[in-house]
**Q** 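Below is a structure I'd like to ask you about.
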Amino acid sequence: MKKVFMSMSTDVIHGGHINIIGKAATLGELTVGVLSDETVASYKRYPLLSCDERMKIIAAIQGVAHVVKQEGLSYRDLIHELNPDIVVHGDDWRTGIQQPIREETVKLLEEYGGELVEFPYTVNAEYERLEANARSQLAMPDMRRARLKKLIGLKGLVTALEAHSGITGLIAEKTTVVQDGKTCQFDAMWVSSLCDSTAKGKPDIELVDMTSRFRTIDDIMEVTTKPIIFDGDTGGLAEHFVYTVRSLERMGVSMVIIEDKCGLKKNSLFGTEVDQTQDTIENFSEKIRAGKKAQKTRDFMICARIESLILERGMDDAIARAKAFVTAGADAIMIHSRKKDPAEIFGFLERFRDQDVVTPVVLVPTSFNSVTEDEFKRRGANVIIYANQLTRSGFPAMQKTAETILSNHRALEADAQCMPIKQIITLIPEEV
């Protein structure tokens, strides 16, 4: 009997899946590779059911002889291990994001005379409705809020891209790149005080109130499903921070990051160039304790952002604060630096990990941006936030377009700089 292999990710089984499994089983002894949770989350959506649960479901389907876990979209490892005579797939992967995976699979099969059998992809409005319902479940507050902590545990390192509107949220949600047989996309979104203020034409001094900032979160949440990390600035008074925590948690935000400064906010990019006051360890620890006491679920995370390196207070001060803030209940620590050399960030990671290997560490590599995510992960970081790149790239492009129109007294020359409206519309979901 020939050995047959096919791969599946779904946690919403419908007739199309049963149909292709049945066809594959007629070709020989069928092994199904079930994509790991991390792999599914990297290119599609976070699965509603865990990999173990999905493996049990697929193993129970008639015609399936064996079920194995598949790490990554690439079939390479399992083809080398199983040497299947036939690989089965729907013909939908001839184009789109999985096309490079198909091309790799064809080459691998050609090496030993294996065969690729493709069946017509089942198009059914009811199946599309089921998938849409699954995605809508991921957008619900309880599901969304819990996902960041799960992703950190699952992947070790997650990435977040700044979003300050519904459309930038959709860019963070949908942008995907295929690289070396793997898909890459952002895991979460960062709602920045700086970018939210800039989009409204206001200075970044906590002038935009929480009610307005919550509306930005609503705009993003209405059209996306990924976890949200919220820039809470200093958190304000402890009494006010309590209400912020409750509101964010109720909305479905996964994490709030607050910095250990007090008084009128001054952006950290200015460092010691402007007068900035760092809060005492005791006061800030009390703010963390108040926030943790106020939250209702275990999913919501409070991250303490330490400004010691920004304010040139030294590594010892940063480490002491990190230890105290974790003791006070902080779920994560963010360490920041405006130096292009990552040496002091690496130094902090090394010293912090010597005393704490559990608490997640958040980095915002705006200045020290030459370091790769793999390097950060190897050194003990868990969350990488790309904090303002969409804002910084978007404004120069719009300004250049405006100048081009003014210079030419028509819009023709500006068209080359513009994305077609039709292409923009495809980003926007028909239903919200």
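Everything numeric in this text was worked out from a predicted model, so none of it was measured.
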**Q** Spell out, as yes or no, whether a donor-acceptor pair under 3.5 Å connects the side chain of Lys287 to the backbone of Thr234.
**A** yes

**Q** Is it true that Asp52 and Lys56 have a side-chain N and a carboxylate O under 4.0 angstrom from each other?
**A** no

**Q** Passes side-chain contact (heavy atoms from CB on, under 4.5 Å), Ser74 versus Glu104? Steps please.
**A** CA-CA 8 Å; Ser74 173; Glu104 179 190 52; 2.6 Å; yes

**Q** So, Thr176 side chain and Lys174 main chain: donor-acceptor pair closer than 3.5 Å or not?
**A** yes

**Q** What is the distance from atom CD1 of Ile167 to atom CG of Leu170, rounded to the nearest 0.5 Å?
**A** 5.0 Å

**Q** Taking atom types as modelled and ignoring hydrogens, do the side chains of Thr401 and Gln417 form a donor-acceptor contact shorter than 3.5 angstrom?
**A** yes

**Q** Using a 3.5 Å distance criterion without hydrogens, assess whether the side chain of Lys226 forms a donor-acceptor pair with backbone atoms of Glu173.
**A** yes

**Q** Locate the shortest heavy-atom distance separating Ala304 from Phe284; write the atom from each residue and the value.
**A**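 Smallest interatomic distance, heavy atoms only, reads CB-CE2, 3.8 Å.
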
**Q** Is the Phe376 ring parallel, tilted or perpendicular to the Phe368 ring (thresholds 30°, 60°)?
**A**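 Perpendicular, since the angle between the ring planes exceeds 60°.
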
**Q** Strictly below 4.0 Å, N to O, side chains only: are Lys107 and Glu110 in salt-bridge contact?
**A**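 Salt bridge flag = no for Glu110 with Lys107.
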
**Q** Is there a donor-acceptor pair closer than 3.5 Å between any side-chain N or O of Glu71 and the backbone N or O of Ser36?
**A**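 Side chain of Glu71 to backbone of Ser36: no pair is present.
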
**Q** Does one side chain, of Ser308 or Gln278, offer a donor that lies under 3.5 Å from an acceptor on the other?
**A**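 Present: a donor and an acceptor within the cut-off.
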
**Q** On the 0 to 90° scale, with breaks at 30° and 60°, tag the Phe230-Phe214 ring pair as parallel, tilted or perpendicular.
**A**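 It falls in the tilted class, 30° to 60°.
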
**Q** Please determine if Lys150 and Asp299 form a salt bridge, counting it only when a charged side-chain N lies under 4.0 Å from a carboxylate O.
**A**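 No, this pair does not count.
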
**Q** Looking at Arg144 and Thr224, would you say the former's side chain and the latter's main chain have a donor-acceptor pair under 3.5 Å?
**A** yes

**Q** Should Glu162 and Leu194 be marked as a side-chain contact (heavy atoms from CB on, under 4.5 Å) after you check the CA-CA gap, both sets of side-chain angles, and the distance that decides it?
**A** CA-CA 10 Å; Glu162 168 252 319; Leu194 167 64; over 6 Å; no

**Q** Working note: Val4 + Val117, criterion side-chain contact (heavy atoms from CB on, under 4.5 Å); need CA distance, chi angles, decisive distance, verdict.
**A** CA-CA 10 Å; Val4 182; Val117 174; over 6 Å; no

**Q** Any idea which heavy atoms bring Leu148 and Ser254 closest together, and the distance?
**A** CB-CB, 3.5 Å

**Q** Hey, does Met143 have a side-chain heavy atom less than 4.5 Å from the side chain of Leu48?
**A** yes

**Q** Evaluate the criterion salt bridge (Lys or Arg N to Asp or Glu O under 4.0 Å) for residue pair Lys323 and Asp356; output intermediate values, then yes/no.
**A** CA-CA 8 Å; Lys323 183 177 180 179; Asp356 186 335; over 6 Å; no

**Q** Salt bridge check, Asp317 against Arg321: does any charged N sit closer than 4.0 Å to a carboxylate O?
**A** yes

**Q** Heavy-atom distance under 4.5 Å between the side chains of Val40 and Asp37, does that happen here?
**A**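 Side-chain contact under 4.5 Å: no.
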
**Q** Around atom NZ of Lys200, are there more than 12 heavy atoms from other residues, nucleotides or ligands closer than 6.0 Å?
**A** yes

**Q** Tell me, do Ile61 and Val32 make a side-chain contact under 4.5 Å, heavy atoms counted?
**A** no

**Q** Run the salt-bridge test on Arg379 and Glu375 with the 4.0 Å N-O cut-off and return the result as yes or no.
**A**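 Here Arg379 pairs with Glu375 in a salt bridge, since their nearest N and O are under 4.0 Å apart.
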
**Q** Quick check: does any side chain N or O of Gln295 sit under 3.5 Å from a backbone N or O of Phe300, one acting as donor and the other as acceptor?
**A** yes

